[in-house]
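Okay, so here's the structure we're looking at.
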Amino acid sequence: MLNKIKSVMIANRGEISLRIIRACQELGVKSVAIYSEADKDTLPVKLADSAVCIGPAPAQASYQNQEAIISAALAFGVDAIHPGYGFLSEKADFAKKCEDNGIIFIGPSADIISKMGDKIEARKIADSASVPTIPGSDGAVTEFKKALEIAESIGFPLLIKASAGGGGRGMRVVESRDTLEQDLNEIMSEAEVAFGDSSVYIEKYLTDIRHIEVQLLADGDSCIHLGERDCTAQRRNQKLVEEAPSPALSTSQRNDLCQSAVRLAKKVKYKSAGTVEYVYDNIDKQFYFIEMNTRVQVEHPVSEMITGIDIIKEQIKIADNQVLNIKQEDIVLSGHAIECRLNAEDPENGFSPCPGTISYYRPPGGFGIRMDSHLESGYTIPPYYDSMIGKLICWGADRNEAIIRMTRALSEMKVEGVKTTAKFHSKLINSEQFKSGNFNTVFVASLLEKQH
Amino acid sequence: MLNKIKSVMIANRGEISLRIIRACQELGVKSVAIYSEADKDTLPVKLADSAVCIGPAPAQASYQNQEAIISAALAFGVDAIHPGYGFLSEKADFAKKCEDNGIIFIGPSADIISKMGDKIEARKIADSASVPTIPGSDGAVTEFKKALEIAESIGFPLLIKASAGGGGRGMRVVESRDTLEQDLNEIMSEAEVAFGDSSVYIEKYLTDIRHIEVQLLADGDSCIHLGERDCTAQRRNQKLVEEAPSPALSTSQRNDLCQSAVRLAKKVKYKSAGTVEYVYDNIDKQFYFIEMNTRVQVEHPVSEMITGIDIIKEQIKIADNQVLNIKQEDIVLSGHAIECRLNAEDPENGFSPCPGTISYYRPPGGFGIRMDSHLESGYTIPPYYDSMIGKLICWGADRNEAIIRMTRALSEMKVEGVKTTAKFHSKLINSEQFKSGNFNTVFVASLLEKQH
Amino acid sequence: MKDFDISLNDLKQLTKWVKESSDIRELSLSYNGLELFISRNESTQRSVSSDAAGTPVTTAPAPSKQEQPELNKPTIAPTASKSSPTADVSVAENEHLITAPMVGTFYMSPKPGAPAFVEIGQQVEPKSVVCIIEVMKLMNNLEAKVNGRVKEIYVEDQQPVEYGQPIMLIEKE
Amino acid sequence: MKDFDISLNDLKQLTKWVKESSDIRELSLSYNGLELFISRNESTQRSVSSDAAGTPVTTAPAPSKQEQPELNKPTIAPTASKSSPTADVSVAENEHLITAPMVGTFYMSPKPGAPAFVEIGQQVEPKSVVCIIEVMKLMNNLEAKVNGRVKEIYVEDQQPVEYGQPIMLIEKE
């Protein structure tokens with residue numbers, strides 16, 4: 001089925017390594033897992049067509065060791081490297097090394113990775129593609145009069161940041177017009193004194209937001225979207241629960257959002273799977289671009305479940321230089337999907353990680369259930385990497401069925417020997433606020449507070 | 001979510017018991033598993049809200065023991081009984097006993113079960129609903145002249161059966177018109193001598209057929225279909241692989257077929273989930289009704305996977321007297337699904353059953369995979385019941401992807417300690433003939449012959 | 001201290017016994033300088049020991065049909081694994097355990113309000129009726145089967161019983 | 001204290017039994033100065049002994065990039081679980097095992113056609129270069145680190161090696 005890629009080295013571990021191995025096997029491509037000494041007895045190593053030990057346990061010496069991975073790819077003669085997520089997936093220099101060594105990097109070019117990895121550059125591209133960005137000054141403003149003008153045009157509350165500031169210094173939220181002139185005056189003066197530079201950035205200050213992102217597939221020429229995912233349920237900026245479609249968007253908002261993401265990708269002739277991230281302001285019902293992720297994401301299965309599109313297989317086919325053979329009109333969003341990221345963490349104890357041995361593991365099953373996990377009975381979670389033990393994805397004909405099915409699956413699943421976040425997830429998705437669909441990024445924190 | 005049914009006793013075992021328990025849990029209904037002494041340590045018993053031992057291992061004394069089950073339902077105070085498939089699922093007298101004891105039988109009424117269980121009666125109903133039946137005489141023909149007339153109108157080859165015959169006696173295939181008069185004459189004379197009754201049935205003799213069935217949901221008033229399933233891959237009349245949609249039907253044929261099934265169900269005011277079975281003649285491209293199954297079938301997940309409808313939940317809601325809230329126009333057939341019935345059998349040794357202990361079990365996973373199974377590591381397959389250890393259902397965007405995904409999943413799955421049909425299934429679905437979609441009910445037998 | 005002779009064969013027998021006893025997870029033995037420790041996989045022994053299992057269904061009285069009571073709020077969370085009905089009863093040599101020969105409802109007396117067939121401490125003969133199990137409105141008398149004295153009654157009046165569930169213990173005389 | 005005679009053969013039998021009994025997870029035995037401890041992985045217990053494991057990746061020569069060879073037809077069936085790189089090498093007290101300090105390609109000689117750095121039986125000193133591991137076109141010399149004699153060379157010239165893979169065994173002198 002593939003032309004150039006006959007073998008893929010998976011430069012990752014855990015569930016995403018397994019996910020990619022499965023995609024390779026379905027594409028008829030040889031899968032070569034890499035593993036650190038800490039991971040030698042894991043499911044990806046067992047299920048891959050072959051496996052190569054690339055270094056000792058610490059990630060810097062193994063999964064983040066670019067030299068070791070490129071060397072392994074060359075020595076073992078693979079055609080392509082899939083970086084998964086995390087580790088080297090958004091390192092432009094690694095993509096460059098692959099390119100330089102004649103290895104296909106399954107992702108966009110090094111050039112696009114670095115362009116999109118630069119927030120200021122990315123915002124400029126977004127602006128040029130008419131993708132809404134958070135209203136604010138185009139860069140630093142030096143003149144008081146100009147700053148006042150911009151601030152008045154943006155509306156309130158707004159955020160003033162000293163250009164030379166950072167880490168919270170030289171930053172002020174302005175709640176209303178009443179204090180604008182004085183605030184602006186003060187912060188510019190202070191900045192002049194403190195940093196010798198009075199210039200400021202001015203930005204709309206968003207207080208009630210959701211996190212919504214759009215999944216894209218692009219072959220460098222055409223680009224389609226697979227709808228959006230809503231990742232608003234976060235704890236300390238860590239996504240906990242993702243779902244699709246977003247319960248916040250109307251059909252026309254969805255269409256606008258997704259079209260804007262496609263415009264952005266087309267602007268840079270994007271070529272791979274990718275995600276455009278937005279904040280959605282619950283108050284003014286507007287979405288604003290924040291960044292583009294140039295890799296496959298943890299939560300990609302949520303989009304797979306509602307579209308039937310295998311994102312990893314499509315991503316590999318694009319890397320094989322194939323033309324996208326799915327048209328936008330072929331994509332039908334069907335039902336609702338929710339993903340819970342299950343971690344070996346103790347929710348009763350500040351979510352502290354609980355590495356250890358899983359004495360017994362029983363995945364949940366049945367209609368609409370997908371458990372992407374590298375767990376097995378007897379598996380020992382090593383202390384070197386993150387604490388995610390798997391992703392439970394549930395599909396339902398509607399959001400309500402998806403929540404109920406997830407609840408059923410969470411209680412059916414059995415992970416013995418370590419503490420997990422399963423019960424916490426069950427509480428979260430069954431909270432009145434989550435069920436209502438009406439919440440923002442602070443919701444999980446307040447849920448946790450209520451419990452104490 | 002349910003009105004009358006607050007608790008359901010599941011009068012079955014194994015994977016279907018688990019399937020129904022999951023549906024009950026998602027409906028917020030208390031599930032009560034029954035079990036024989038041989039099944040006490042099984043997954044359904046562990047996962048149900050409660051469980052009742054109803055008798056010793058042999059099925060006659062437990063799962064087929066109507067008195068014990070009704071008594072258990074009364075003593076433990078459940079509102080409804082779900083019979084699953086097999087065992088008591090199509091016993092009209094059991095449904096009657098439930099009705100008489102004020103227990104809701106999750107299935108159609110005893111009256112409909114017995115009506116549809118009578119093949120001659122069912123054929124009459126089919127005829128009256130303009131559902132095609134295999135061309136033949138309407139019952140027994142006594143006069144030679146009349147018989148000749150009917151035979152000539154049906155076409156060749158045809159099958160003549162002495163009314164009083166049976167078990168192969170008094171049966172003859174007539175290949176062409178040349179021998180018709182003589183054959184008919186002979187068989188009628190023979191029947192007169194042998195049974196004292198010369199009357200015969202005459203029927204078109206189908207030599208190249210597929211088995212196709214239509215899944216229905218009906219609430220006694222309205223009725224919808226969930227498309228067809230193709231169960232042509234059989235061995236000795238045992239279904240091995242089922243898929244949906246059928247690779248043999250055109251859209252207009254599919255529509256005709258499904259509409260005919262709906263007509264039949266409406267004719268009898270059918271109320272439950274049900275399946276209308278047909279043979280499809282590869283030669284004349286016509287379908288003919290053979291029987292109606294008034295229960296949920298082993299292969300129902302295949303339809304669930306392409307429609308997103310949870311058939312068991314809908315069936316329970318219908319039993320709760322709820323009006324079907326899905327309209328025919330809401331049903332979209334999406335992608336392709338295949339189910340392999342996995343048995344603990346030795347394909348190298350005439351498919352002889354291999355009961356025993358499963359020392360290690362790893363279900364397959366990933367996108368599009370559903371494993372409905374009651375297996376666990378350490379589970380012992382008792383010798384008392386059938387040898388099915390689970391059903392592996394794979395969904396793909398098209399038939400090709402479903403086959404590839406099934407192949408991948410079959411090899412990923414691990415069942416150690418007993419022999420299984422997994423590898424055989426892999427061979428079957430990857431045979432040129434299966435892949436072509438162009439085969440008939442004899443296909444598996446010839447595939448097996450080729451191997452020897 | 002008395003010596004006892006441990007041979008490899010003895011060890012083998014011990015380990016064989018561990019292997020066959022499905023509910024042993026760990027065994028450690030220390031004797032005269034000999035130390036043996038065996039630990040088994042959890043996955044294959046999980047649902048074995050009776051005391052570790054959840055409340056047996058047998059002791060959870062289910063509401064009778066007639067009352068149409070509010071059932072336990074249907075929980076999404078499944079119950080713990082069930083122990084076998086006979087799990088928590090041990091029967092000595094001189095005792096006879098009466099178990100339910102069929103699933104149904106247990107009655108201690110011939111009709112509501114009437115005195116119980118037997119009480120604890122009561123003398124019984126083989127033909128003594130000790131209780132009734134109702135199976136689909138059919139009343140089935142259970143007999144003591146032995147000469148003896150009623151030692152324990154495990155089920156309360158009008159409660160449902162599973163097949164094989166311990167009902168009464170008779171001390172043989 | 002009574003002695004009992006444990007022979008190596010007895011131990012072998014015991015370990016064989018453990019190997020065959022799929023549910024034994026750990027066994028430890030201590031007797032008269034003899035200590036035996038066996039612990040098995042729960043998940044991997046199916047493929048425990050190194051000889052039972054699949055062909056280690058280490059011995060499966062992968063084609064080099066340049067030749068663009070026909071790779072093994074990509075099979076849908078995954079390979080058996082891999083053994084750890086060091087699984088099949090045992091190192092005695094007086095021996096020194098040289099393992100690959102990084103994943104790369106193994107070269108026995110400084111350039112194609114040149115004589116090998118060392119051969120079996122050859123005397124080496126701590127600073128003797130015994131082979132090269134190529135990592136991204138960078139040639140890394142491996143030294144013997146000890147005084148001794150080359151006893152075994154496990155890898156063939158120009159083959160890829162994993163991190164930690166045994167390369168050479170030096171008998172110390």
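So that the names make sense, note that chain A is the first sequence line, chain B the second, and so on, each numbered from 1.
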At a cut-off of 3.5 Å, what donor and acceptor atoms pair up between chain A and chain B?
from, atom 1, to, atom 2, distance (Å)
A:R22, NE, B:G365, O, 3.2
A:R22, NE, B:E412, OE1, 2.9
A:R22, NE, B:E412, OE2, 3.0
A:R22, NH2, B:E412, OE2, 2.4
A:E26, OE1, B:R405, NE, 3.0
A:E26, OE1, B:R405, NH2, 3.4
A:E26, OE2, B:R405, NE, 3.4
A:E26, OE2, B:R408, NE, 3.0
A:E26, OE2, B:R408, NH2, 2.9
A:D310, OD2, B:R405, NH2, 2.9
A:K313, NZ, B:E401, OE2, 2.7
A:Y360, OH, B:E376, OE2, 2.7
A:R362, NH1, B:E376, OE2, 3.4
A:G365, O, B:R22, NE, 3.2
A:E376, OE2, B:Y360, OH, 2.6
A:E376, OE2, B:R362, NH1, 3.4
A:E401, OE2, B:K313, NZ, 2.8
A:R405, NE, B:E26, OE1, 3.0
A:R405, NE, B:E26, OE2, 3.4
A:R405, NH2, B:E26, OE1, 3.4
A:R405, NH2, B:D310, OD2, 2.9
A:R408, NE, B:E26, OE2, 2.9
A:R408, NH2, B:E26, OE2, 2.9
A:E412, OE1, B:R22, NE, 2.9
A:E412, OE2, B:R22, NE, 3.0
A:E412, OE2, B:R22, NH2, 2.4

Structural part of [X] lying under 4.5 Å from a heavy atom of chain A:
| X | result |
| --- | --- |
| B:M406 | neither |
| B:I309 | backbone |
| B:P301 | neither |
| B:I312 | neither |

Exercise. Measure across A:G308 and B:A397 and return the closest heavy-atom pair with its distance rounded to 0.1 Å.
Key: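 Taking A:G308 first and B:A397 second, the nearest heavy atoms are O-CB, 4.4 Å.
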Self-check item: With A:F434 via ring-ring contact (aromatic ring centres under 6.0 Å, His included) - residues at least two apart
Solution: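 Per chain and number, A:F434 pairs via ring-ring contact (aromatic ring centres under 6.0 Å, His included) with A:F439.
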